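Quick note: numbers below take in every heavy atom, side chains included, and nothing from hydrogens, waters or symmetry partners. As the structure is a computational prediction, the values presented were derived from the model and not from experiment.
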Amino acid sequence: MNLTPEQIVAFIREKSSHPMKVKELARALGIPHTSYTSFRKTVKSLLDTGELVKLKRGRIGLVQQMDIVVGEISITRGGIGFVPQEGAKRDIMIPMSSLSTALDSDRVMVRFTGIQTSKYYGDRQLGTVVKILERTQRNIVGVFQQGKHFAYVSPDNARIHRDIYIPAEQTTGILDGQKVVCVITEWDDSALNPVGEITEVLGFPNEPGVDMLTVIKNFNLPEEFPAEIIDEAERTTARDISDEMKSRLDLTHECIYTIDPSDAKDYDDAVSVEETTKGYRLGVHIADVSFWVKPGTKLDTEAFNRGNSVYLPGMVIPMLPEVLSNDACSLRPNRKRLAHSIIIDFNRHGKMLSWQLADTVIKSRSRLSYEEVQDFFDNGLPSGRSYARLGRVAESLTLARELAKILSRRRFNEGSLDFDLPESKIILNKHGEVIELGNRIRLEAHRLVEEFMLAANQAVALELFRNGLQLLYRVHGRPDLEKLEVFSSMMSRLGYKFPFSENIRPIDMARFLDKIKGVPEEEFINELMLRSMQKAVYQRKNIGHFGLAFSHYTHFTSPIRRYPDLLVHRLLRARVKGSYPPSFAKRIPNVIDHIGSHCSETERIAETAERQAVKVKQAQYMARHVGNEYDGIISGVTNYGFFVRLDGLGAEGLVRVSSIDDDYYRHDEQQSRLVGRHNARTFRLGDRLRVGVMKVDKSNHEIDLFVTKGKGKARTGTHSSTVNRRTQQTKQKKGTRRKHRRRS
């Protein structure tokens, strides 16, 4: 008699009156002697996974019925752990002394130890880690240090608070101060440091390329494609597709073109716009990656594991090998390419009337950059080499501009949010050194492409939904009310009235954003609101997209760089007479759930890695400008100082309380400010002020600032540098932007 783990847990939950020893539990379940060994193994597996817990005197209990919680621990830079508890608004707080040997992201078992009232954390349920259930497989990147008696690695990751001891036999050939990658091989006693093994030497921190290699290793990002994947990609793209082209809808005579960054190599979307008797006809033509990359192949597995392309300063880690992303699937001009097209008809008010999906063959007439299109919008057809490329599509571009404005106006009127946040611009030289730091300008040409991609994604989601078919949706839940209430209070302190309510609608938030357009704190407020909202994810259950105010939305337009888009293409192609075949329909829900969960996580990792890489480059740049002064805005206030976002650079630094020597300052948490005890000088969230660069820690990517000598309080208001910057942005037309980086 072999019981499943689910049956054992169900018995303990529903019929067991008290915790039992393993033998007692076996008797209660009627386990025969011949099956006892197998039963013990099943119970042990349940203990290992944390579904059951071993109590005193060897008794077995159900975790949910004890003062115990199982979950993934997050550890702050300050060494405090937090574990979420189901149904509770606040996580369990684990003091550093109670972490045992837990590391950030480990799956742990935590026992409640009481309640603590903290000035900064409020009333918190306290806990202690009693067991590490699962170690997160991680690379630990740090600096190798050769001490007098032993060697160790000092981790870069501030969330790892212990140095890693390296046995002497592991240190041959490694030089003091080099960046290395190591893994923990042993750590059972929290009184001792963990023991590790060095797996790779990256080089000295200042050597070219080591900084980005450090980020790649820290986040376990993929690097070069294995040779077998390259070979498979080359064999795949060598196929004869002449018969396939003959079987498709031929759009090679249509006025189709691509609009991308000037340095782009992969062109996965093209557009066409024409006028109709009722309004406009938009064509969005997407590279047909699903024709080349088949489910179950090694190429597909590699693409799934990567989940998405990752964009770091000066480099891209692609989802697909270049022979696909930059050649066979890239919609190059004057080349016939396989595409999956959606043709959408709109009326003159931007209402979507109908659409048609088709496997097509296209031939792009022109490869345009955002800057060329913007220059055409502002100044008309240019002379010189750009004339021919633009002249071939000028009429369609003019119509495209009209349609994009109509769609944008309609979308915002319906409540879609537009967080017009700047994207970091980092210009590198051939050695990877930063020669220019700033923010990219978001051009009208960028918005045009974004509007067309949003429309295509929405139409595809509606197509599958209206046919009752399962789909991987891109969803964005309603904001967390507690976070939104905090944001509302913050806006009140800044002098703005935010329409907070339990039933807040996207249109309410959109109207608020419209009211604060042009104020000095606009960029800062946009970011604060974005922080208060949930993160968009991929899932099968549709809850709509709050930020876009769309009832149905998916990702369809970037299959070269996002695996979810590739899945959506396959779902579209799997239909037979509008429905999935029965066998496909039966298994696809599990496939969608698996891909949605995995790709939401790979996207989160990619975004975190990209932010970290930007901080690395910003710190390197600012290290060469110690002593320089900049205008900025206070973006965060803590008990130990306040953070300042520097105008026009995107970099953020910390003014420590210890560096302000004119008074003693207290932290007013409710008002998000520091206040001088004697002179009442105030530094408040959202205040503008002038700061200087005191020092830069390139190892930890931290910028220390100081307040320049001047008047006491820098109140919010129109600031000359802000006005000048806005004027320059309005006039400036040059700059590049990564390919449709919108995260909607």
statement: Minimal heavy-atom distance between Ala510 and Gly415, with the atoms involved, is CB-O, 3.9 Å
query: When you check the side-chain N and O atoms of Asp163 and Asn193, is any donor under 3.5 Å from an acceptor?
result: no
field: Closest non-hydrogen atom pair between Arg411 and Ser416, with its separation
entry: NH1-OG, 2.8 Å
message: Any carboxylate oxygen within less than 4.0 angstrom of a Lys/Arg side-chain nitrogen, looking at Arg531 and Glu527?
response: yes
- request: Evaluate the ring planes of Phe642 and Phe683, with Trp represented by its six-membered ring, and classify them as parallel (under 30°), tilted (30 to 60°) or perpendicular (over 60°).
  value: parallel
query: Any chance the side chains of Asp211 and Gln620 put a donor and an acceptor closer than 3.5 Å?
result: yes
- line: Looking only at heavy atoms, the pair that brings Leu484 and Ser532 closest together is CD1-OG, 3.6 Å
task: List the steps and the verdict of side chain to side chain contact (heavy atoms under 4.5 Å, CB included) for Val691 and Glu629.
output: CA-CA 6 Å; Val691 294; Glu629 295 184 3; over 6 Å; no
statement: Residues Glu652 and Ile703: closest non-hydrogen pair is O-CD1, 3.8 Å
- prompt: Is there a side-chain contact between Met212 and Lys617 (heavy atoms, below 4.5 Å)?
  reply: yes
- prompt: Is any side-chain heavy atom of Tyr630 less than 4.5 Å from a side-chain heavy atom of Asp647?
  reply: no
- request: Would you sort out whether Thr608 and Glu610 count as a side chain to side chain contact (heavy atoms under 4.5 Å, CB included), showing the intermediate values?
  value: CA-CA 5 Å; Thr608 307; Glu610 290 169 9; over 6 Å; no
- prompt: For the atom pair CG (Asn639) and CG (Leu674), what is the distance rounded to the nearest 0.5 Å?
  reply: 8.5 Å
message: Check Arg77 with Asp104, please: is the shortest side-chain N to carboxylate O separation under 4.0 Å?
response: no
- request: Check the surroundings of atom NZ in Lys217: do more than 12 heavy atoms from other residues, nucleotides or ligands lie under 6.0 Å from it?
  value: yes
message: A side-chain contact here means heavy atoms from C-beta on lying under 4.5 Å apart; do Met509 and Met529 qualify?
response: yes
- line: So CG of Leu649 and CE of Met622: to nearest 0.5 Å the spacing works out to 5.5 Å
- prompt: So how far is it from His625 NE2 to Leu646 CG, rounded to the nearest 0.5 Å?
  reply: 11.5 Å
statement: Closest heavy-atom pair, Ala536 versus Glu603, reported as atoms and distance to 0.1 Å, is O-OE1, 4.0 Å
With Leu689, the side chain to side chain contact (heavy atoms under 4.5 Å, CB included) member among Val644, Val655, Thr708: Val644
message: Could you tell me if the side chain of Leu417 sits less than 4.5 Å from the side chain of Phe412, heavy atoms only?
response: no
- prompt: salt bridge (charged side-chain N to carboxylate O under 4.0 Å, His left out) between Lys179 and Asp156: does it pass, once the steps are laid out?
  reply: CA-CA 9 Å; Lys179 286 269 188 174; Asp156 288 350; 2.4 Å; yes
- prompt: Does the separation of the ring centres of Phe498 and Phe512 fall below 6.0 angstrom?
  reply: yes
- prompt: Are the charged groups of Arg442 and Glu423 less than 4.0 angstrom apart, N to O?
  reply: no
- prompt: If you draw a 6.0 Å radius around CZ in Phe204, do more than 12 non-hydrogen atoms from other residues or ligands fall strictly inside?
  reply: yes
query: Could you go step by step and tell me if Arg681 and Asp663 meet the side chain to side chain contact (heavy atoms under 4.5 Å, CB included) rule?
result: CA-CA 8 Å; Arg681 188 183 188 187; Asp663 201 349; 5.9 Å; no
message: Closer than 4.0 angstrom, basic N to acidic O: yes or no for Asp704 and Arg656?
response: yes
task: Drop me the distance from Ile132's CD1 to Ser100's OG, to the nearest 0.5 angstrom.
output: 5.0 Å
field: Any donor-acceptor pair under 3.5 Å from His476 side chain to Gln534 backbone
entry: yes
- prompt: Are Ser105 and Arg138 close enough that some pair of their side-chain heavy atoms sits under 4.5 Å apart?
  reply: yes
message: Quick one: does any side-chain atom of Asp106 pair with a main-chain N or O of Ala102 as donor and acceptor, under 3.5 Å?
response: no
- request: Grab the two heavy atoms, one from Arg505 and one from Arg511, that are nearest each other, plus how far apart they are.
  value: NH2-NH1, 3.9 Å
message: Counting C-beta onward and ignoring hydrogens, is there a side-chain heavy-atom pair between Leu126 and Ile115 closer than 4.5 Å?
response: no
message: Less than 4.5 Å apart, side chain to side chain, heavy atoms only: is that true for Leu221 and Ile605?
response: yes
- request: Answer yes or no: is there an ion pair linking Glu601 with Arg604, defined by an N-O contact shorter than 4.0 Å?
  value: yes
field: Close side-chain approach of Phe500 and Glu485, heavy atoms under 4.5 Å
entry: yes
- request: Report yes or no: does Thr682 contribute a side-chain atom to a donor-acceptor pair with the main-chain N or O of Ala680 at less than 3.5 Å?
  value: yes
His431 (side chain) donor-acceptor with Glu207 (main chain) under 3.5 angstrom: no
Residue Arg624 excluded, over 12 heavy atoms near CZ under 6.0 Å: yes
query: How long is the span from the NZ atom in Lys405 to the CG atom in Leu448, to the nearest 0.5 Å?
result: 10.0 Å
Reported CZ-to-CZ distance for the pair Arg645 and Phe524, which is rounded to 0.5 angstrom: 8.5 Å
Lys517 and Asp514 ion-paired at < 4.0 Å: no
- prompt: Okay, side chain of Asp480, backbone of Glu482: is any donor-acceptor separation there less than 3.5 Å?
  reply: yes
message: Check this for me, if you would: do Arg684 and Asp668 make a salt bridge, where the nitrogen-to-carboxylate-oxygen distance has to be below 4.0 angstrom?
response: no
task: Assess the side chains of Asp662 and Tyr665: does a donor N or O sit below 3.5 Å from an acceptor N or O?
output: yes
- prompt: Is the shortest side-chain N to carboxylate O distance from Lys535 to Glu607 below 4.0 Å?
  reply: yes
task: Show the numbers, then the answer: is there a side chain to side chain donor-acceptor pair (under 3.5 Å) between Asn218 and Gln612?
output: CA-CA 10 Å; Asn218 257 322; Gln612 179 76 358; over 6 Å; no
- prompt: Can you tell me if Arg159 uses its side chain to pair, donor with acceptor, with the backbone of Ile75 under 3.5 Å?
  reply: yes
message: Would the distance check show the side chain of Arg162 and the main-chain N or O of Leu192 forming a donor-acceptor pair, the cut-off being under 3.5 Å?
response: yes
field: Evaluation steps, side chain to side chain contact (heavy atoms under 4.5 Å, CB included), between Gln145 and Val153
entry: CA-CA 6 Å; Gln145 305 281 351; Val153 173; over 6 Å; no
- prompt: Short question: side chain of Asp508, backbone of Ile504 - any donor-acceptor pair under 3.5 Å?
  reply: no
